[in-house]
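Heavy-atom basis, side chains included; hydrogens, waters and symmetry copies ignored. From a predicted model like this one, the values you see are computed outputs, not experimental measurements.
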Amino acid sequence: MERTALADFLRSRREKLQPEDVGLARGERRRTPGLRREELAALTGMSADYYSRMERGHSPRPSEQMLAALARGLRLSLEDRDYLFRLVGYDTQRRVRRTDHVDVGLMRVVDRLTDTPAAVLNSLGETLFQTQPGLALLGDHRAHHGLARSVVYRWFTDTGERNLYPPEDHPKHSRVLASQLRQVLTREGPRSRAADIADALRDSSTEFAEVWAEHPVGWRYSEHKRLLHPDLGELTVHCQSLLDPEQTQTLLVFTATPGTESHNKLQLLSVIGTQDLSPSDGDSV
C-alpha cells in the first residue's frame with residue numbers, strides 16, 4: 001500500500017470536483033478548492049475522520065468495498081479507479097468487466113435525481129448505488145455480501161426479499177429473474193459468477209430448480225410495478241430503465257402518475273426518509 005501516493009491522489013481528485021458535480025449546493029464561505037473532506041466522506045458512507053486520515057497517509061488499508069465507494073464518490077474514470085486499487089495493493093486483472101464501477105456519465109444522471117427513487121444495478125442484479133429516496137422506497141440493498149449481493153439469489157433464498165411485492169406477483173418475478181440470470185450465464189459462460197449463482201440456487205431452492213428447468217427466456221418486467229411499502233402501503237410505480245453504453249449496468253428510476261395516490265405517497269418519501277415508523281414494543285396499540 002503506497003500511502004503517500006494514495007493520499008496525494010485522493011487529494012488531487014477531490015480538489016478537482018465541484019459541489020455541483022456531485023449534486024450538492026455550493027453554499028457560502030467556501031474557501032477550499034473542490035469538495036470538502038467531510039462532503040466526500042458523506043458521499044462514500046465513511047466517517048470524515050477516517051477519510052482525513054487517508055489523505056494524511058495514516059489510515060489502515062481500506063477494503064475493496066470502501067475503495068469502490070471512493071471511486072464512485074470521486075467520479076473516477078475506469079483507469080483512475082484501477083489506479084486507485086493498485087495504489088492500495090489490490091489486483092485489478094480479475095475485474096475485466098468492471099461491473100462493480102458505476103459509469104461516470106451514469107453517475108452524472110443520478111446526481112440530478114436527488115428527489116427521485118433510483119438505483120444502479122449491474123447485470124447480476126447487484127445494487128451499486130441508491131439515491132436517498134431509493135433507499136426509502138426499496139430499503140438498503142447495498143449492504144449484502146457474497147452471493148446475496150444479487151437480487152436473484154436473495155429472491156429465492158430470503159423470504160424477506162419478497163415482502164416488497166404482492167404475493168400474486170411473485171411467480172412472474174421468479175421467472176423474470178431466472179430469465180435474466182440465464183441471459184447473463186449464456187453470455188459469460190459456465191465459469192462466470194452467474195454460473196456460481198445458478199449452481200448455488202439449484203442446490204438451495206426447490207422453486208428455483210423448478211423454474212430453471214422450464215428454461216425461461218425473454219421474460220421482462222412491465223413498465224409498471226406494484227410495491228408494498230411498510231409505511232405507505234401499496235404503490236403503483238412506473239419503472240424506467242436506462243442502460244449504460246456496454247449494457248452491463250442499468251439505472252432504474254421510479255416515478256408515479258401525477259395526481260394519483262401513488263404519486264402522493266412517493267412525495268412523502270422525502271419526509272419519511274429511511275426512518276422506521278413501525279410501532280416499538282413499548283408503544284401502546
Polar side-chain atom of [X] near backbone of [Y] as donor-acceptor pair, under 3.5 Å:
X    : Y    : value
S179 : G218 : yes
S205 : L201 : no
R61  : V88  : yes
R154 : R149 : yes
E188 : A195 : no
R175 : V211 : no
R182 : W212 : yes
H229 : A136 : yes
R11  : E55  : yes
K16  : L74  : no

Minimum heavy-atom distance between [X] and [Y], given as atom pair plus value:
X    : Y    : answer
T250 : S241 : CG2-CB, 3.8 Å
L135 : Q130 : CD2-OE1, 3.3 Å
G73  : L17  : O-CD1, 3.6 Å
A5   : L87  : CB-CD2, 3.7 Å
S192 : L185 : OG-CD1, 3.9 Å

Decide yes or no for [X] and [Y]: does some side-chain heavy atom of the first lie under 4.5 Å from some side-chain heavy atom of the second?
X    : Y    : answer
Y165 : L228 : no
V151 : L177 : yes
M54  : L70  : yes
Y51  : L10  : yes
V109 : V253 : no
T4   : D8   : yes
F156 : R162 : yes

Other residues, nucleotides, ligands: >12 heavy atoms within 6.0 Å of E261 CD
no
Check this for me: E207, atom CD, are more than 12 non-hydrogen atoms of other residues, nucleotides or ligands nearer than 6.0 Å?
yes
Side-chain ion pair, D199 and R202, N-O less than 4.0 Å
yes
Geometric class of the [Y]/[X] ring pair [parallel <30°, tilted 30-60°, perpendicular >60°]:
X    : Y    : value
F9   : Y83  : perpendicular
H238 : H224 : perpendicular
H170 : W155 : perpendicular

Residue of the set R193, H144, H141 for which side chain to side chain donor-acceptor pair (under 3.5 Å) holds with E126
R193
If you draw the axis of the six-membered ring of F85, does the NZ or CZ of R81 fall within 45° of it and under 6.0 Å from the ring centre?
yes
Pairwise distance [atom1]([X]) to [atom2]([Y]) - rounded to 0.5 angstrom:
X    : Y    : atom1 : atom2 : result
L235 : L266 : CG    : CG    : 5.5 Å
L232 : L269 : CG    : CG    : 5.5 Å
R72  : L67  : CZ    : CG    : 11.0 Å
R53  : S47  : CZ    : OG    : 7.0 Å
Q249 : L242 : CD    : CG    : 11.0 Å
L128 : R142 : CG    : CZ    : 10.5 Å

Can you tell me which residue among L138, T131, T116 is in a side-chain contact (heavy atoms from CB on, under 4.5 Å) with F254?
L138
So if I apply the side-chain contact (heavy atoms from CB on, under 4.5 Å) rule between L124 and each of V184, V152, L147, which one comes out positive?
V184
